[in-house]
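Side chains are part of it too, since the values below use all heavy atoms of this structure and drop only hydrogens, waters and symmetry mates.
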Amino acid sequence: MNFLKASIRRYQLGSLLLLVLLLAVVLPLSLDIFRLNLVGKYLSYAFVAVGLVMVWGYGGVLSLGQGVFFGIGGYAMAMFLKLEASDPITTKIQSTPGIPDFMDWNQLTELPALWLPFKSLPLSLALVVLAPMALAWLISFAMFKRRVGGVYFAIITQAVALICTVLIIGQQGYTGGVNGMTDLKTLLGWDTRTDSAKYILYYVCVGLLVASILLCRWVQTSKLGTLLLAMRDKEDRVRFSGYDVSNFKVFTFCLAAGLSGIGGAMFALQVGFMSPSFVGIVPSIEMVIFCAVGGRMSLVGAVYGALLVNAGKTLFSESFPDLWLFLMAALFIGVTMAFPMGLAGLWEDTIKPWWASRRQALRDAATKPPPAAVSAPSPVAAPLAEPALPEGIGRQRA
C-alpha cells in the first residue's frame, strides 16, 4: 500500500487519473459524436504540447517549429491513406489509374519512389515516428554540437517551418500543394467516417496520449530528468561536470519530434485530410501557446492547455465570428500575465496550498479537545462569615 502511494506521488498519477476519467468517461458521455471528434482533434495537438514540456520546460530549449514534425507525421499517415483511396478501380477515369488524383492533374505517369514505402501500413506507422525524429536529429545535432541555443535556435526552427511550408506547396505533384491530401476515407478497408470508427479513433488517441505522458514522466523522474533540469538552470556547470550537454538536448528534441509525429498521424486519421496549413510558423507558435497556457512544467497541464485554447477558438469563432481573433489574443495575454506558470502553476501555487491549509484546519478542529465543563453554582448561597473585630472591641447591642 505504501509503495502504491509512493508511486502515485512520484509519477503524479492522481492528476493523470483525473484526466483519464475526464477524457474516457465524462466527455464521451456528455458530448455528441461531432463534438467528441473535435475533442479528438484537440488531443492530437496535445501530443505536441507534451513534447514541448520536455524540450522547453525541462530542457530549456524553445522550439518554434514543432508544426514541422506534426506535419511530417500527418503526411506520412495521409500518404498511406491516399494510396489506399487511389486504387486502380476507383481512379479508372484518370489518365494514369492507380496514382493519387493530384499527381494525375500534374501529369505524372507513375508513382514516385518517395511514395513506395507508404504502400505498407507497418512501414508507414514506423515512418510516422522515425521521419520526424530523423529531421529533428539532423537539425539539433548540427545546432547543439556548435552550442547554438536560446533565441537563435528558436529563429532557426521558425526558418525550418517556413522552408518546409514552401517546399510542400511548391511540389504540388508530389504533396498535393496548398490543398494538401484530402478524401482520406478508409484504413485497410475500414471506413473511418462512421460514428463507431470515430469513437474507436478517439479512444486510440486517448490511449496513446496517456502512454506518451507516462513515458515522459518516467524520463522526468529518472537521472536524465534531473540532468535536464540542471542543464536548463546551469548548463556550464553540467558541462564542467563531464556531461555532454548537446547529447541530452538532441535526445529531448528528438523525443518531442516523435510525439509530434504521432499527434499528426492521429489528426490525419480523425479529420480525414492533411495540408501545409498545419506545418508553418503560425500553427507552430500556437502549439507553444498550448504549452504555455497549460504550464510548461506540467505534462497534464499541457493537455488541459491544448483543450482550453482549442475549445475557446471553436466557441469564439462560432459565437463571435468577427471578434474571435481578438478574444483569443485576450485569452493568451490574460492567462500568461495572470499565471506565468500556466494553469498548472495556478493549481500548485494557489489552489493546492489553500486546499491543504483548509484540510489541516478541519483536522485540527476535529482533534482539538472540548473545553472543560463549568459546574453550576449551588441554588442556596452559603452565609457570609462576619468579619473579625479587633481585640478589645465589643459588639454594639441593638
Is the shortest heavy-atom distance from the side chain of I285 to the side chain of Q158 under 4.5 Å? yes
Minimum heavy-atom separation for G189 and E84, please, with both atom names. N-OE2, 2.6 Å
Applying ring-ring contact (aromatic ring centres under 6.0 Å, His included) to F144 and not counting sequence neighbours gives F153
Side chains of Y203 and P28 in contact at under 4.5 Å (non-hydrogen atoms): yes
Residue pair T165 / V279: nearest heavy atoms and the distance that separates them: OG1-C, 3.8 Å
Could you please spell out the steps behind the side chain to side chain contact (heavy atoms under 4.5 Å, CB included) verdict for N179 and F273? CA-CA 9 Å; N179 296 322; F273 77 95; over 6 Å; no
Do L16 and L214 make a side-chain contact, defined as non-hydrogen atoms from C-beta onward lying under 4.5 Å apart? yes
Just by modelled atom types, is the P97 backbone N or O under 3.5 Å from a matching donor or acceptor in the T91 side chain? no
Determine whether P276 and Y75 make a side-chain contact, defined as any pair of heavy atoms from C-beta on separated by less than 4.5 Å. yes
All ring-ring contact (aromatic ring centres under 6.0 Å, His included) counterparts of F141, not counting sequence neighbours: W137
OG-CE distance between S86 and M79, expressed to the nearest 0.5 angstrom: 11.5 Å
Spell out, yes or no, whether L38 and I33 are grouped together once hydrophobic residues are joined by side-chain heavy atoms under 4.5 Å, including indirect joins. yes
Should K249 and E235 be marked as a salt bridge (Lys or Arg N to Asp or Glu O under 4.0 Å) after you check the CA-CA gap, both sets of side-chain angles, and the distance that decides it? CA-CA 11 Å; K249 290 184 177 181; E235 181 176 332; 3.1 Å; yes
For K82, is there an ion pair with D183 - N to carboxylate O distance below 4.0 angstrom? no
Using only atom types and a distance under 3.5 Å, with no angle test, would you say the side chain of N310 pairs donor to acceptor with the backbone of A306? yes
Within this structure, what is the CG-CG distance for the pair L187 and L201, rounded to the nearest 0.5 Å? 8.0 Å
Under 3.5 Å, side-chain donor or acceptor atoms of residues 44-56 against the rest of the protein: list the pairs with distances, not counting sequence neighbours.
residue	atom	partner	partner atom	Å
S44	OG	K41	O	2.4

Take atom OH in Y243; do more than 12 heavy atoms of anything else shown fall under 6.0 Å from it? no
Taking atom CD1 of I89 as the centre, does the number of heavy atoms from other residues, nucleotides or ligands within less than 6.0 Å exceed 12? no
For I99, does its backbone N or O pair with a side-chain atom of Q94 as donor and acceptor, under 3.5 Å? yes
Spacing of S284 atom OG and Q66 atom CD [to the nearest 0.5 Å]: 7.5 Å
Any side-chain heavy-atom pair from T226 and T221 closer than 4.5 angstrom? no
Residues 110-134 side chain polar contacts: donor-acceptor under 3.5 Å, at least two apart:
residue	atom	partner	partner atom	Å
W115	NE1	Y174	O	3.1
S124	OG	S120	O	2.7

Pair T192-L81, side chain to side chain contact (heavy atoms under 4.5 Å, CB included): steps then yes or no: CA-CA 11 Å; T192 58; L81 298 177; 6.0 Å; no
Before accepting this row, confirm whether a basic side-chain N of the pair K145/D244 lies closer than 4.0 Å to the acidic partner's carboxylate O. yes
With side chain to side chain contact (heavy atoms under 4.5 Å, CB included) as the criterion, how do L43 and M266 come out once you've worked through the C-alpha distance, each side chain's angles and the decisive distance to 0.1 Å? CA-CA 9 Å; L43 292 179; M266 293 308 305; over 6 Å; no
Which atoms form the tightest heavy-atom contact between A161 and G65, and what is the distance? CB-CA, 4.3 Å
How long is the span from the CG atom in L269 to the CD1 atom in I200, to the nearest 0.5 Å? 12.0 Å
With rounding to the nearest 0.5 Å, note down the distance linking OG1 in T252 to CG in L224. 6.0 Å
Say whether, by atom type as modelled, one donor and one acceptor occur between the side chain of T194 and the main chain of A197 under 3.5 angstrom. yes
Run the ring-ring contact (aromatic ring centres under 6.0 Å, His included) test against Y58 and tell me which residues pass, sequence neighbours left out. none
Side-chain heavy atoms of Y42 within contact of V309, under 4.5 Å: no
Taken to the nearest 0.5 Å, the spacing of C164 SG from L135 CG works out to 6.0 Å
For atom CG of L29, is the number of surrounding heavy atoms from other residues, nucleotides or ligands below 6.0 Å larger than 12? yes
R239 with D236: basic N within carboxylate O range, under 4.0 Å: yes
Given V39 and R35, is the side chain to side chain contact (heavy atoms under 4.5 Å, CB included) satisfied, shown in steps? CA-CA 6 Å; V39 175; R35 296 292 177 182; 5.6 Å; no
Tightest non-hydrogen contact, residues Y304 and L18, listed as OH-C, 4.3 Å
Main chain of D191, side chain of T186: is a donor-acceptor contact present, judged purely on distance under 3.5 Å? no
Cluster question for you: counting only ILVMFWY and a side-chain heavy-atom cut-off of under 4.5 Å, with indirect links fine, are V68 and L167 together? no
Is there a side-chain contact between L23 and Y202 in this structure, where contact means two heavy atoms from C-beta onward sitting under 4.5 Å apart? yes
Parallel, tilted or perpendicular: rings of F253 and F69 (30°, 60°): perpendicular
G74 to A268 - nearest heavy-atom pair and separation: O-CB, 3.7 Å
W105 and I169: same hydrophobic cluster, using ILVMFWY side-chain contacts below 4.5 Å? no
Would you give me the side-chain donor-acceptor pairs under 3.5 Å for residues 286-295, sequence neighbours excluded?
residue	atom	partner	partner atom	Å
E286	OE1	K313	NZ	3.2

Can you confirm whether more than 12 heavy atoms, excluding those of Q107, are under 6.0 Å from its CD atom? no
So, the side chain of Q270 versus the backbone of K198: is there a donor-acceptor pair under 3.5 Å, distance only? no
With a 4.5 Å cut-off on side-chain heavy-atom distances among I, L, V, M, F, W and Y, is there a chain of contacts connecting Y152 to V160? yes
Would a distance-only check, ignoring hydrogens and angles, find a side-chain to backbone donor-acceptor pair under 3.5 Å from N106 to L108? no
Which atom names give the shortest non-hydrogen contact between T157 and L64, and what distance separates them? OG1-N, 3.0 Å
Kindly work out whether a path of hydrophobic side-chain contacts (I/L/V/M/F/W/Y, heavy atoms less than 4.5 Å apart) joins F70 to V282. no
